[in-house]
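Please read these numbers as outputs of a predicted model, since none were measured by experiment.
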Amino acid sequence: MPFDFRRFDIYRKVPKDLTQPTYTGAIISICCCLFITFLFLSELTGFIANEIVNELYVDDPDKNSGGKIEVTLNVSLPNLACEVVGLDIQDEMGRHEVGHIDNSMKIPINNAHGCRFEGFFSINKVPGNFHVSTHSAMAQPANPDMRHIIHKLSFGNTLQVENIHGAFNALGGADKLASQALESHDYVLKIVPTVYEDMNGEQQFSYQYTVANKAYVAYSHTGRVVPAIWFRYDLSPITVKYTERRQPIYRFITTVCAIIGGTFTVAGILDSFIFTASEAWKKIQLGKMQ
């Protein structure tokens with residue numbers, strides 16, 4: 001007797017004349033197909049779209065920066081003239097600059113009674129501070145008014161990514177116009193290194209930061225009020241890394257197979273249960289009639 005290869009067929013076919021269609025089975029089949037289509041489209045959308053995975057680790061990610069961090073500062077002081085506004089920088093490595101002017105610009109506002117200071121400078125990767133004050137002015141104003149609005153304060157490069165919403169400009173929009181004129185403002189910043197790696201393995205480096213602040217009246221050794229806007233910073237040893245990934249094709253195929261197989265299995269069990277129950281009910285009714 002010749003060997004029949006069809007013996008390996010585990011999907012044996014049942015002739016149509018041995019099957020029985022039902023209205024319940026039709027309804028369950030339609031609902032099953034709609035449910036499978038919905039889940040398939042959901043999985044397809046997730047497969048096409050990229051996902052962002054974040055992780056934390058201890059390291060300095062940007063080792064080619066030369067130990068420097070670029071800072072962008074944009075602040076408006078509507079009641080302090082530009083000729084007395086200056087930027088001072090100091091840190092624990094001994095740096096102490098009064099009246100830093102490189103890559104900075106002062107724009108008169110409020111009919112020249114106020115000033116908008118825009119600065120781009122670098123700081124060392126050690127604890128320190130920079131502050132907007134009148135310390136570098138040739139003649140100190142009698143009552144320097146440090147009420148202000150911070151438009152932007154950011155560290156490092158701006159990430160060209162739309163789907164990451166971090167604290168890269170946490171002080172942007174800070175409004176202290178309602179504070180007392182002679183108050184000093186102290187912002188304490190914790191700078192967190194941040195890395196973004198795209199699908200091609202290219203990395204972008206930036207920094208997020210958290211902030212706490214307080215306002216107080218400061219006096220010099222002569223008893224004069226010397227207000228300033230202080231930004232005291234320290235670096236976190238923890239780096240945040242965002243990695244752009246796409247779902248592997250094998251995971252997508254596995255999920256689709258699970259959706260189709262699982263849905264058909266559950267639908268088959270449900271249809272079989274309803275059909276069996278309906279047939280039993282018919283037999284009961286038929287017995288009562290006899």
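- Phe38 CZ: 12 or fewer foreign heavy atoms inside a 6.0 Å radius.
- Side chains of Thr239 and Asp59: a donor-acceptor N/O pair is absent below 3.5 angstrom, by distance only.
- Side-chain heavy atoms closer than 4.5 Å link hydrophobic residues (I, L, V, M, F, W, Y) into clusters, and following such links, even through other members, never connects Ile69 to Val195.
- When the ring-ring contact (aromatic ring centres under 6.0 Å, His included) test is applied to Tyr196, no partner is found at least two apart in sequence or on another chain.
- The shortest side-chain heavy-atom distance between Phe117 and Leu73 falls under the 4.5 Å cut-off.
- Smallest separation of non-hydrogen atoms from Pro144 and Leu80: CA-CD1, 4.0 Å.
- One finds no salt bridge joining Lys68 and Glu70 here, because no Lys/Arg side-chain nitrogen approaches an Asp/Glu carboxylate oxygen to under 4.0 Å.
- Every pair passing salt bridge (Lys or Arg N to Asp or Glu O under 4.0 Å) that includes a residue from residues 137-146 is listed here, sequence neighbours excluded: Asp145-Arg147.
- Counting only N and O atoms by type, the side chains of Asn74 and Arg116 include a donor and acceptor under 3.5 Å apart.
- In the hydrophobic clustering of this structure, Ile123 does not group with Val126; members are Ile, Leu, Val, Met, Phe, Trp, Tyr whose side-chain heavy atoms approach within less than 4.5 Å, directly or through other members.
- Minimum interatomic distance between Lys176 and Ser179 (heavy atoms only, all atoms of both residues): O-OG, 2.6 Å.
- Aromatic rings of Phe155 and Tyr209 (six-membered ring for Trp) have centroids within the 6.0 Å cut-off, being under it.
- Proximity of a side-chain donor or acceptor of Asp88 to a complementary backbone N or O of Gly99 within less than 3.5 Å is detected.
- Between the side chain of Thr263 and the backbone N or O of Ile260, no donor-acceptor pair lies under 3.5 Å.
- The residue from Ile36, Thr37, Ile30 that alone fulfils the side-chain contact (heavy atoms from CB on, under 4.5 Å) condition with Leu34 is Ile30.
- The number of heavy atoms from other shown groups lying within 6.0 Å of OH (Tyr216) is above 12.
- Of all the heavy atoms in Asp102 and His100, the pair that sits closest is O-NE2, 3.4 Å.
- Of all heavy-atom pairs between His148 and Ile150, the closest is CD2-CG1, 3.7 Å.
- Here SG of Cys115 is found 11.5 Å from CG of Asn110. Values are rounded to the nearest 0.5 Å.
- Between the side chains of Asn129 and His131, at least one donor-acceptor pair of N or O atoms lies under 3.5 Å.
- Side-chain contact annotation: Asn54 with Lys241, donor-acceptor N/O pair under 3.5 Å absent.
- Between the side chain of Gln208 and the backbone N or O of Ala167, at least one donor-acceptor pair lies under 3.5 Å.
- Taking CD1 of Ile274 as the reference point, atom CD1 of Ile27 lies at 9.0 Å (rounded to 0.5 Å).
- Hydrophobic clustering (side-chain heavy atoms under 4.5 Å, transitive across Ile, Leu, Val, Met, Phe, Trp, Tyr) groups Val211 together with Tyr207.
- The minimum heavy-atom distance between Ala228 and Ser184, with the atom names listed, is N-OG, 3.1 Å.
- Put simply, the side chain of Asp198 gets close to the backbone of Asn200: a donor and an acceptor are under 3.5 Å apart.
- When hydrophobic clusters are built by joining Ile, Leu, Val, Met, Phe, Trp and Tyr residues whose side-chain heavy atoms come closer than 4.5 Å, directly or via intermediates, Leu159 is grouped together with Val240.
- A donor-acceptor pair under 3.5 Å links the side-chain atoms of His113 to the main chain of Asn111, judged by distance alone.
- Val75 and Val84 fall within a single hydrophobic cluster, where Ile, Leu, Val, Met, Phe, Trp and Tyr are joined by side-chain heavy atoms under 4.5 Å apart, directly or via other members.
- To the nearest 0.5 angstrom, Met146 atom CE is 12.5 Å from Glu183 atom CD.
- For the residue pair His151/Ser76, the side-chain donor-acceptor check at 3.5 Å is satisfied.
- Of the possible donor and acceptor atoms, none in the side chain of Ser272 sits under 3.5 Å from a partner among the backbone N and O of Ile269.
- Distance alone, capped at 3.5 Å, is enough to place a donor-acceptor pair between the Ser29 side chain and the Gly25 backbone.
- The aromatic rings of Phe130 and Phe231 lie parallel to each other, their planes meeting at an angle below 30°, with 60° marking the opposite boundary.
- Note on ring orientation: taking the six-membered ring where Trp is involved, the planes of Phe252 and Phe47 are parallel (angle under 30°, cut-offs 30° and 60°).
- For the 3.5 Å distance criterion, the side chains of Thr134 and Gln140 qualify, holding a donor opposite an acceptor.
- Heavy-atom contacts from other residues, nucleotides or ligands closer than 6.0 Å to CZ of Arg245 number 12 or fewer.
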